[in-house]
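Remarks on the structure that follows.
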Amino acid sequence: MTLITGIDHIQIEAPGACEAAGRAFFGDFLKLPELPKPPVLAARGGVWFGLPDGRQLHIGVTDNFVPRTKGHPALRCADLDAFARRAAEYGIVVRADTELAPLRRVFLEDPWGNRLEVIEA
């Protein structure tokens, strides 16, 4: 019997007062819907977003924040070329990676310098 059945959510760390940048990047650019945080957690800051499959992406405030430049979430998209064009429209740099070809993927940074991966799937 498998004890773990899947992933419920991922959390990305960010510095204090990250909410506006988080909404611009994850809400406006990535088009993820913002989710209400439970009142007991809302006072801590941060912002939550829904993913199309029902999972969630949480932005959590971390004291003494340091960007994560290796460990990262990998998000999926249906059209990596369209994703790259949208990123360019928002002035976001994406770096194509071919190490796992024919898998298509890019790397980018969130507003706080955390590494993100986007895979065409």
Side-chain angles (χ1 to χ4, degrees):
M1 177 173 111
T2 301
L3 295 176
I4 303 300
T5 61
I7 292 176
D8 180 79
H9 71 273
I10 58 172
Q11 180 161 325
I12 296 173
E13 296 178 3
C18 63
E19 294 79 13
R23 287 181 178 106
F25 186 87
F26 293 96
D28 297 339
F29 165 54
L30 293 181
K31 298 184 177 183
L32 298 177
E34 184 173 345
L35 302 173
K37 288 184 70 173
V40 68
L41 300 179
R44 298 179 187 173
V47 62
W48 291 5
F49 297 94
L51 297 170
D53 63 3
R55 293 178 176 99
Q56 298 178 8
L57 186 148
H58 298 176
I59 310 300
V61 173
T62 300
D63 292 333
N64 303 314
F65 169 74
V66 175
R68 304 298 177 224
T69 58
K70 181 153 177 92
H72 61 276
L75 305 172
R76 293 181 176 169
C77 77
D79 184 343
L80 198 59
D81 295 326
F83 177 84
R85 285 191 301 273
R86 183 164 176 82
E89 291 170 7
Y90 278 77
I92 296 168
V93 176
V94 297
R95 295 173 306 283
D97 182 272
T98 59
E99 285 187 325
L100 299 179
L103 178 75
R104 296 184 68 215
R105 66 184 185 162
V106 296
F107 290 96
L108 64 152
E109 294 178 354
D110 70 16
W112 314 287
N114 293 311
R115 182 181 193 193
L116 301 175
E117 180 178 353
V118 177
I119 298 172
E120 186 173 76

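Just so it is clear, the values below take in all heavy atoms, side chains as well, and ignore hydrogens, waters and symmetry mates.
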Inset, instruction - Please report the closest heavy-atom contact between Ile4 and Thr2, naming both atoms and the distance. - result: O-CG2, 2.9 Å
Legend entry - Heavy-atom check, side chain of Asp8 versus side chain of Arg55, under 4.5 Å: no
Inset, instruction - Give a yes or no on whether Leu35 and Leu41 share a hydrophobic cluster (residues Ile, Leu, Val, Met, Phe, Trp, Tyr; joining criterion: side-chain heavy atoms under 4.5 Å apart). - result: yes
Legend entry - Within 6.0 angstrom of Leu103 CG, more than 12 heavy atoms from elsewhere: yes
Inset, instruction - Using atom types as modelled and distance alone, determine if a side-chain donor or acceptor of Arg68 lies under 3.5 Å from a backbone N or O of Glu13. - result: no
Inset, instruction - Would you mind reporting whether Leu75 and Ile119 have side-chain heavy atoms less than 4.5 Å apart? - result: no
Inset, instruction - Decide whether Phe65 and Ile10 are clustered together by the hydrophobic rule: side chain heavy atoms of Ile, Leu, Val, Met, Phe, Trp, Tyr closer than 4.5 Å, transitively. - result: yes
Legend entry - Side chain to side chain, Trp48 and Leu32, heavy atoms closer than 4.5 Å: no
Inset, instruction - For residues Gly113 and Thr69, report the shortest heavy-atom separation together with the two atoms involved. - result: O-CG2, 4.2 Å
Legend entry - Donor-acceptor side-chain pairing of His9 and Gln11 below 3.5 angstrom: no
Inset, instruction - Establish, for the pair Arg115 and Phe107, whether the NZ or CZ atom is under 6.0 angstrom from the six-membered ring centre and no further than 45 degrees off its axis. - result: yes
Legend entry - N/O donor-acceptor pair under 3.5 Å between Glu19 side chain and Gly46 backbone: yes
Inset, instruction - Indicate yes or no: at least one non-hydrogen side-chain atom of Phe25 is less than 4.5 angstrom from one of Ile92. - result: yes
Inset, instruction - Report yes or no: do Val118 and Ile7 belong to one cluster of Ile/Leu/Val/Met/Phe/Trp/Tyr joined by side chain heavy-atom distances under 4.5 Å? - result: yes
Legend entry - Cys18 side chain near Val61 side chain, heavy-atom distance below 4.5 Å: yes
Inset, instruction - Measure across Leu116 and Pro73 and return the closest heavy-atom pair with its distance rounded to 0.1 Å. - result: CD2-CG, 3.5 Å
Inset, instruction - Report the relative orientation of the aromatic rings in Phe29 and Tyr90; use parallel for angles under 30°, tilted for 30 to 60°, perpendicular for over 60°. - result: tilted
Legend entry - Asp28 side, atom CG; Arg86 side, atom CZ - distance, nearest 0.5 Å: 8.0 Å
Legend entry - Under the side chain to side chain contact (heavy atoms under 4.5 Å, CB included) test, residues paired with Arg104 that sit two or more places apart: Leu80, Asp81, Glu120
Legend entry - Pairs where residues 105-114 contributes a residue and the test side chain to side chain donor-acceptor pair (under 3.5 Å) is met, not counting sequence neighbours: Asp97-Arg105, Arg105-Glu117, Asp110-Asn114
Inset, instruction - Mind checking the CD-NE2 spacing from Gln56 to His58? Nearest 0.5 Å is all I need. - result: 4.0 Å
Inset, instruction - Look at the side chain of Lys37 and the backbone N and O of Ala43, then say whether any donor-acceptor pair between them is shorter than 3.5 Å. - result: no
